[in-house]
S.K.: 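For reference, the structure I am asking about is given below.
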Amino acid sequence: MTDVLIVGGGIGGLALAQGLRKHGITVAVYERDRRRDDRVDRYRLAINPAGSRSLRACLPDRHWRAFTDTAGRPGGGFGFLGADLRPLVLVEDAVMHPDSPDPAERAYPVDRATLRGVLLDGLDDAVHYGKAFDRYELTADGRPTAHFADGTSATGDVLVGADGINSRVRAQYLPSATQRDAGAVGVGLKLPLNDDTRAWLPARLTEGMNLVLTGAPHFLFTSVFERQTSVGDDYLLCAFVGRNDVFPSRPERLDGPRLKAYVAELITGWHPALRRLIDECPPDEVSAFPFQASDRLAPWAPSRVTVLGDAVHGMPPAGGNGANTALRDAALLTRQLFRADGGHLPLLEAIGDYETEMREYGFQAVELAMRTLRQGMMSNPVNVGLTRGWFSLCTIAPPLRRMTFGASWAKISAPRHWERAATG
């Protein structure tokens, strides 16, 4: 029987824990937060078919139903808008993610805190809080022992670092791994969606996802989260993203009111509703995040220590693939550890195969996120003009729209060979 230690109780680590427990593998999660409700950050995630497929593979039936029941209302498409909010092109949902009769092959808008609650359900005895990871050591037989800042330790057969882009597990396991400044900062804002705000918000901003492009080195992304059954906590998530030199030094140290004032100054001349949107976002829902991206790693020899999610292939949120890629990691690592636990593969071979496959799709996602980020901040007048012209052609010609936008979304979420084998 394999014992797995997971450092980090985020989306990827918890999905792995659910998947392993579903397959009868003993698991323990060590989370630095002191309490379950310390993470109260609520924002919208776009779960694509790769993420849905992975959740279905990891979750017991009851949890999968809870996921689909608590997902937001789908629909609304993706709008590319000018600063005056006139559409440059609108991409239909059917182009982004064609409808499927299989719920595990669909896209879902979800609230991050709600999803985390689904993933935590049933793991009370497995998640240990207040456990800041310090280091690991290997026993004489190669088993990892994790040491925590409070002086405690735990030994298992496998140690998984799921502790984010500043992973301490990765720092020890893969000391040559590096992250780079992605060249941009994101300011997250959230506006409650209620009768009062809907009364003045332009209709396009109250549905789907939108990208406001201006030909400046910054852009605004918006996405709606509406529950299937209203409980009064729907919201419009906004992310103002700009090149580093657009912001003052250390913008993450600015409080909500100062960040709002700074963004408002940068969007002078945009549609008045966008300025009002910034003004009316509660200051305690505003924060800045410098973006980072992991550098592609050369292959390494597998061991009883491994990593998943942002701990190995961290990426800026442009394109919305970070959580989906972490979920894919969780599903694949679950599959491999289950095969090893059942005697179908030697343990190190199972982990090595996971790491080989994960490096391929994980760093493809990093590269896509970086391309998407650069395109959003594009400010060269010639390139901006060409892009707007192409958008106009896409508006006129649906096949061109499908070719331009559908391929990117489809490629990143298409089933990998092992996912097809699992459902074939």
Side-chain angles (χ1 to χ4, degrees), residues 10-12 14-15 39-52 54-55 66-81 91 93 96-97 106-120 186-194 197-198 201-212 219-241 256 263 274 277-278 280-282 284-289 291 309-310 315-327 365 369 372-373 376 409 412-413:
I11 299 298
L14 292 175
R39 273 187 217 197
V40 295
D41 50 327
R42 293 193 57 222
Y43 54 86
R44 182 191 191 273
L45 294 174
I47 300 298
N48 66 24
S52 300
S54 301
L55 283 166
F67 164 73
T68 57
D69 288 347
T70 57
R73 292 182 186 175
F78 197 112
F80 292 86
L81 315 175
V91 184
D93 292 288
M96 294 189 290
H97 303 296
R106 298 175 190 166
Y108 298 88
V110 301
D111 177 74
R112 185 187 185 282
T114 302
L115 174 58
R116 189 163 184 265
V118 170
L119 292 172
L120 278 167
V187 178
L189 311 100
K190 197 165 67 176
L191 179 75
L193 269 183
N194 51 43
T197 54
R198 289 178 189 276
L201 276 169
R204 181 58 223 171
L205 295 183
T206 64
E207 56 183 330
M209 296 178 283
N210 297 285
L211 195 62
V212 179
F219 62 87
L220 181 69
F221 171 77
T222 71
S223 60
V224 169
F225 181 76
E226 294 180 284
R227 294 192 185 276
Q228 298 174 53
T229 302
S230 178
V231 296
D233 64 349
D234 297 343
Y235 56 86
L236 177 66
L237 176 70
C238 307
F240 181 86
V241 178
V263 172
L274 294 173
L277 189 161
I278 301 300
E280 298 209 9
C281 284
D284 59 353
E285 297 280 10
V286 182
S287 53
F289 305 92
F291 291 165
D310 282 350
M315 66 194 78
N321 287 310
N324 290 295
T325 311
L327 290 170
T372 304
L373 180 62
W409 274 297
I412 200 68
S413 60

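Count residues from 1 along the sequence. The model shown is predicted, which means the values in this text are computed figures rather than measured ones.
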S.K.: Evaluate Leu115 against Thr70 for side-chain contact (heavy atoms from CB on, under 4.5 Å), listing each step before the verdict.
M.R.: CA-CA 8 Å; Leu115 174 58; Thr70 57; over 6 Å; no
S.K.: Where do Asp234 and Arg227 land on the salt bridge (charged side-chain N to carboxylate O under 4.0 Å, His left out) test, with the steps shown first?
M.R.: CA-CA 7 Å; Asp234 297 343; Arg227 294 192 185 276; 5.2 Å; no
S.K.: Passes side-chain contact (heavy atoms from CB on, under 4.5 Å), Gln228 versus Asp69? Steps please.
M.R.: CA-CA 8 Å; Gln228 298 174 53; Asp69 288 347; 5.6 Å; no
S.K.: Taking all non-hydrogen atoms of both residues into account, name the closest pair between Ala46 and Met209 and its distance.
M.R.: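 Here Ala46 and Met209 meet closest at CB-SD, 4.5 Å.
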S.K.: Please find the pair of heavy atoms, one from Ala326 and one from Gly309, that lie closest to each other, and give the distance.
M.R.: CB-CA, 3.8 Å
S.K.: Of the non-hydrogen atoms in Pro192 and Pro282, which two are nearest, and what is the gap between them?
M.R.: CD-CD, 4.0 Å
S.K.: Does any non-hydrogen side-chain atom of Tyr235 lie less than 4.5 Å from one of Val224?
M.R.: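 They are not in contact (no side-chain heavy atoms under 4.5 Å apart), so the answer is no.
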S.K.: Would Leu55 and Leu119 count as a side-chain contact (heavy atoms from CB on, under 4.5 Å) here? Give the steps.
M.R.: CA-CA 9 Å; Leu55 283 166; Leu119 292 172; 4.0 Å; yes
S.K.: How far does CG of Asp310 sit from OG1 of Thr325, to the nearest 0.5 angstrom?
M.R.: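 Going from CG on Asp310 over to OG1 on Thr325, the span is 9.0 Å.
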S.K.: Measuring from atom CZ of Phe225 to atom CZ of Arg73, what distance do you get when rounded to the nearest 0.5 angstrom?
M.R.: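 So the gap between those two atoms works out to 10.5 Å.
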S.K.: Any side-chain heavy atom of Phe219 sitting closer than 4.5 Å to one from Val212?
M.R.: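 When only atoms from C-beta onward are counted, Val212 and Phe219 do not touch, as no gap falls below 4.5 Å.
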S.K.: Ser54 and Ala50: which non-hydrogen atoms are nearest, and at how many Å?
M.R.: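 Heavy atoms only, the tightest pair is OG-O, 2.8 Å.
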S.K.: Evaluate the side-chain contact (heavy atoms from CB on, under 4.5 Å) criterion for residues Ser413 and His97: first the C-alpha distance (whole Å), next the side-chain angles of each, then the deciding distance (0.1 Å), finally the verdict.
M.R.: CA-CA 9 Å; Ser413 60; His97 303 296; 4.3 Å; yes
S.K.: Scan Leu189, Asn210, Leu277, Thr206 and name whichever one has a side chain to side chain contact (heavy atoms under 4.5 Å, CB included) with Leu236.
M.R.: Leu277
S.K.: For Asp93 and Gly77, work out which heavy atoms get closest and say how close.
M.R.: OD2-N, 3.1 Å
S.K.: Looking only at atom types and distance, does a side-chain atom of Asn324 sit under 3.5 Å from a main-chain N or O of Gly320, one as donor and one as acceptor?
M.R.: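 Between the backbone of Gly320 and the side chain of Asn324 there is a qualifying donor-acceptor contact (under 3.5 Å).
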S.K.: Can you confirm whether Phe291 sits close enough to Pro317 that some side-chain heavy atom of one is under 4.5 Å from a side-chain heavy atom of the other?
M.R.: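 Phe291 reaches Pro317 side chain to side chain.
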S.K.: How far does CG of Leu193 sit from CG of Leu201, to the nearest 0.5 angstrom?
M.R.: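 It is 6.5 Å, given to the nearest 0.5 Å.
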S.K.: Hey, are Asp111 and Arg44 close enough for a salt bridge, meaning a charged N less than 4.0 Å from a carboxylate O?
M.R.: no
S.K.: Looking at OG of Ser223 and CZ of Phe78, how far apart are the two atoms once the value is rounded to the nearest 0.5 Å?
M.R.: 9.0 Å
S.K.: When the ring planes of Phe67 and Tyr108 are compared, do they come out parallel, tilted or perpendicular, using 30° and 60° as the limits?
M.R.: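 Perpendicular.
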S.K.: Rounded to the nearest 0.5 Å, what separates atom CG in Leu274 from atom CG in Leu205?
M.R.: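 Taking CG in Leu274 and CG in Leu205, the distance rounds to 6.0 Å.
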S.K.: Got Thr68 and Arg106 here, is their nearest side-chain heavy-atom distance under 4.5 Å?
M.R.: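 Contact flag for Thr68/Arg106 side chains = no.
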S.K.: Nearest 0.5 Å, please: how far is OG in Ser52 from CG in Leu327?
M.R.: 9.0 Å
S.K.: If you take all heavy atoms of Thr222 and Cys238, which pair is closest and at what distance?
M.R.: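 Heavy atoms of Thr222 and Cys238 come nearest at CG2-SG, 4.2 Å.
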S.K.: Regarding Glu207 and Arg198, does a basic nitrogen lie under 4.0 Å from an acidic carboxylate oxygen?
M.R.: no
